[in-house]
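In what follows, a structure is listed as structure tokens, so that the remarks can point back to it.
In this chain, residues are counted from 1 in sequence order. All values reported here derive from a predicted model rather than from experimental measurement. Values below: all heavy atoms of this structure, side chains included; hydrogens, waters and symmetry mates excluded.
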Amino acid sequence: VGPDAVAPGAEVVDARDLTVLPGMVAAHEHLPWEDNRIPRLWLSFGVTSIRSPGSGHYAAVEAKEAQESGNRLGPRVFCAGEIVDGNRVYYGSNRSTTNAAELRRELERVDELGHDMVKTYVRLPYALQRDAIGQAHAAGVPVSSHYLYGPAALGADAVEHTGATSRYGHRHKESHTGRAYSDVIDTLARSGMSITPTLGLASAAAPAVYHFAAWALEDPRLAALMPEVMYDELRAEIEEAVGRYPEVELRYNARQVATARRALAAGAHVAVGTDSPLAPHAISYHLNLDTMVRNGIDHHDALRAATVGGARVLGMSDHLGTVAPGKLADLAFVQGDPLADINALTRMRKVMLDGVLHEVDDLIANPRERAPTRPAHTVRTLPRQDGFWWHDQEYTSGHACC
């Protein structure tokens, strides 16, 4: 990336009729995937990195190893293992932790298995929450939670959902009608925490999201790569939602987006995620972006949430999220201008992952094909004209940068 001429021998990708942007980050999706088509589905929609804030320990390890080895073609995977919880866990991916010794063992396992984050849940007492954050940070691992106020005061890095499960006896970030107040916005902005709103997840919000999704009924990616049961349910929900005007649900969505919009205006960090498979894979990501823009978030801010905000919540801002010299070559190629029409992002034509270019048509045509072998890439850093970067060197590595 730069103003200089193309290096001799470099492969040139003709994208003159397309818009090229950083690969997008889905910041809240859960493993394990139902089958091996799903990561290809995500990739075909331009998502090149996925963060799973809670899955089985070994499902997380398997997913990362399969992707990194090339045996499964799909986005980069950044995972928590089992969710650290207190008594009476609800999900099978949660781990009951009732004292300091059990918590220490769980955090040791996070370190030994190489997980990328820790997720704490709603029955974990704040005394153990504090210890979890301290131990995870000592190991260099970020921490996220459903809760905002306590984790913010204790130094957590991120919070999930605008609403979500609570054991306070009341919803903790928004009211039952989707409203949030200044204590939420101020806490997000001052703490530096990232939030992933997961818009359209609640039953009170989904019809309004699907009302604008008629285009998906003809999308070949969904028919070829989405699990059949999920696809049939999605079609039925879209057809029902398109056929009526979901006035109440639209108001609820607008209030949720207002929380994200106000948070962005206050300087908070927002990412984009959907909580799949509770929401349909991949398409829900783009419906989230459409919902954001439709309710007053600037196109540029929505795109930054999908790229820069996602890279930040991963702790990968030095490597992902923008197109810049030295960063990993994860790129999305779309038909149209997403700064004018956010749904141009759904018109994905090509996607580059780690320097390997994939045509979306090929991802659809070969849904179970093994990932191509990644060659060693020669990366050339070119001198810049402004005197800032004068060195000129070549090196070869297993990863491609752009």
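- Under the side-chain contact (heavy atoms from CB on, under 4.5 Å) criterion, Thr346 pairs with Trp215, Arg221, His286, Asn343, not counting sequence neighbours.
- Residue pairs that meet the ring-ring contact (aromatic ring centres under 6.0 Å, His included) test with at least one member in residues 63-87, sequence neighbours left out, do not exist here.
- Applying the side-chain hydrogen bond (donor to acceptor under 3.5 Å, both in side chains) test to Ser194 and every residue at least two apart in sequence or in another chain returns Arg312.
- Listed by chain and residue number, nothing satisfies the ring-ring contact (aromatic ring centres under 6.0 Å, His included) test with His299 (two or more places apart in sequence, or in another chain).
- For Ala265, the side-chain contact (heavy atoms from CB on, under 4.5 Å) test picks out no residue, with sequence neighbours left out.
- With sequence neighbours excluded, the residues satisfying ring-ring contact (aromatic ring centres under 6.0 Å, His included) with His161 are His28, His146.
- Proximity of a side-chain donor or acceptor of Ser144 to a complementary backbone N or O of Ala158 within less than 3.5 Å is detected.
- Annotation: the span from Thr162 atom OG1 to Leu148 atom CG amounts to 11.5 Å, rounded to 0.5 Å.
- With rounding to the nearest 0.5 angstrom, the CG atom of Leu357 is 9.5 Å from the CG atom of Asp362.
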- Message: Applying side-chain contact (heavy atoms from CB on, under 4.5 Å) to His57 and His115, what does each step give before you reach the verdict?
- Response: CA-CA 8 Å; His57 280 307; His115 293 325; 2.9 Å; yes
- Message: Quick one, Phe212 with Leu250, criterion side-chain contact (heavy atoms from CB on, under 4.5 Å). Give me CA distance, side-chain angles, the key distance, then yes/no.
- Response: CA-CA 11 Å; Phe212 301 101; Leu250 283 167; 3.7 Å; yes
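- A 6.0 Å sphere centred on CZ of Arg190 holds no more than 12 heavy atoms belonging to other residues, nucleotides or ligands.
- Annotation: the span from Met193 atom CE to Asp157 atom CG amounts to 7.5 Å, rounded to 0.5 Å.
- Lys119 and Ala80 make their closest contact through N-CB, 4.3 Å (heavy atoms, listed as atom of the first residue, atom of the second, distance).
- Side chain of Arg51 to main chain of Leu314: no donor-acceptor pair is present (N/O by atom type, distance under 3.5 Å, no hydrogens or angles).
- Counting heavy atoms from C-beta outward, Gln256 and Pro197 have side chains that stay 4.5 Å or more apart.
- Formation of a donor-acceptor pair under 3.5 Å by the Gln335 side chain with backbone atoms of Asp17 is found in this model.
- A side-chain donor from one of Arg235 and Tyr231 sits under 3.5 Å from a side-chain acceptor of the other.
- Checked for salt-bridge contact, Arg109 and Glu112 miss the test: no charged N lies under 4.0 Å from a carboxylate O.
- A salt bridge links Lys64 with Asp116; the closest basic N to acidic carboxylate O contact falls under 4.0 Å.
- Only one option out of Met352, Arg76, His319 pairs with Asp330 in a side chain to side chain contact (heavy atoms under 4.5 Å, CB included); it is Arg76.
- Shown here are the side-chain hydrogen bond (donor to acceptor under 3.5 Å, both in side chains) partners of Arg244, two or more places apart in sequence or in another chain: Glu249.
- Of the possible polar contacts, none joining the Thr196 side chain to the Glu160 backbone as a donor-acceptor pair under 3.5 Å is found.
- Not a single donor-acceptor pair under 3.5 Å links the side chain of Arg123 to the backbone N or O of Arg167.
- Minimum interatomic distance between Ala180 and Arg262 (heavy atoms only, all atoms of both residues): O-NH1, 2.9 Å.
- When all heavy atoms of Ala27 and Val313 are compared, the pair lying nearest together is CB-CG1, 3.9 Å.
- Leu103 CG to Leu128 CG: the interatomic distance, rounded to the nearest 0.5 Å, is 5.5 Å.
- At least one donor-acceptor pair closer than 3.5 Å links the side chain of Ser69 to the backbone N or O of Ala66.
- Scored by the side-chain hydrogen bond (donor to acceptor under 3.5 Å, both in side chains) test, Thr307 finds no partners at all (sequence neighbours excluded).
- No donor-acceptor distance shorter than 3.5 angstrom exists from the side chain of Asn94 to the backbone of Ser96, with no hydrogens or angles considered.
- Within the structure, ring-ring contact (aromatic ring centres under 6.0 Å, His included) contacts touching residues 88-108 (residues at least two apart or in different chains) do not occur.
- Annotation: the span from Thr322 atom OG1 to Lys327 atom NZ amounts to 2.5 Å, rounded to 0.5 Å.
- Side-chain contact between His30 and Pro53: present, with at least one pair of heavy atoms (C-beta onward) separated by less than 4.5 Å.
- Between Pro151 and Val143, every side-chain heavy-atom pair lies at or beyond the 4.5 Å cut-off.
- Phe333 is not listed as a side-chain neighbour of Val360, based on a closest heavy-atom distance of 4.5 Å or more.
- Partners of Val257 according to the side-chain contact (heavy atoms from CB on, under 4.5 Å) rule, which considers only residues two or more places apart in sequence or in another chain, are Leu199, Thr291, Asn295, Ile297.
- Side-chain contact between Leu31 and Ile50 is absent, with no heavy-atom pair separated by less than 4.5 Å.
- Considering all non-hydrogen atoms of both residues, Val25 and Ala311 come closest at CG2-N, 4.0 Å.
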- Message: Using the rule given for side-chain contact (heavy atoms from CB on, under 4.5 Å), can you reason through Leu21 versus Leu345, listing the C-alpha separation, both sets of side-chain angles and the distance that settles it, and then say yes or no?
- Response: CA-CA 10 Å; Leu21 64 149; Leu345 294 175; 3.7 Å; yes
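- Atom CZ of Arg95 sits in a crowded spot, with more than 12 heavy atoms from other residues, nucleotides or ligands closer than 6.0 Å.
- Using a 4.0 Å cut-off between a side-chain N of Lys or Arg and a carboxylate O of Asp or Glu, Arg347 and Asp341 qualify as a salt bridge.
- Counting heavy atoms from C-beta outward, Met348 and Met24 have side chains that approach closer than 4.5 Å.
- Nearest heavy-atom pair across Val209 and Gly200 is CG2-CA, 3.6 Å.
- The side-chain heavy atoms of Pro39 and Gln67, taken from C-beta on, include no pair separated by under 4.5 Å.
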- Kindly determine whether Leu287 and Thr274 satisfy side-chain contact (heavy atoms from CB on, under 4.5 Å), including the steps that lead there. CA-CA 9 Å; Leu287 297 180; Thr274 74; over 6 Å; no
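- A 4.5 Å side-chain heavy-atom check between Leu225 and Trp42 finds every atom pair outside the cut-off.
- Atom NZ of Lys350 and atom CG of Leu331 lie 12.5 Å apart (nearest 0.5 Å).
- Residues passing the side-chain contact (heavy atoms from CB on, under 4.5 Å) test with Glu102 are Thr97, Thr98, Asn99, Arg105, sequence neighbours excluded.
- Applying the side-chain hydrogen bond (donor to acceptor under 3.5 Å, both in side chains) criterion to Glu62, with sequence neighbours excluded, gives Arg72.
- The two atoms that bring Ala302 and Ile342 nearest to each other are CB-CD1, 4.3 Å, heavy atoms only.
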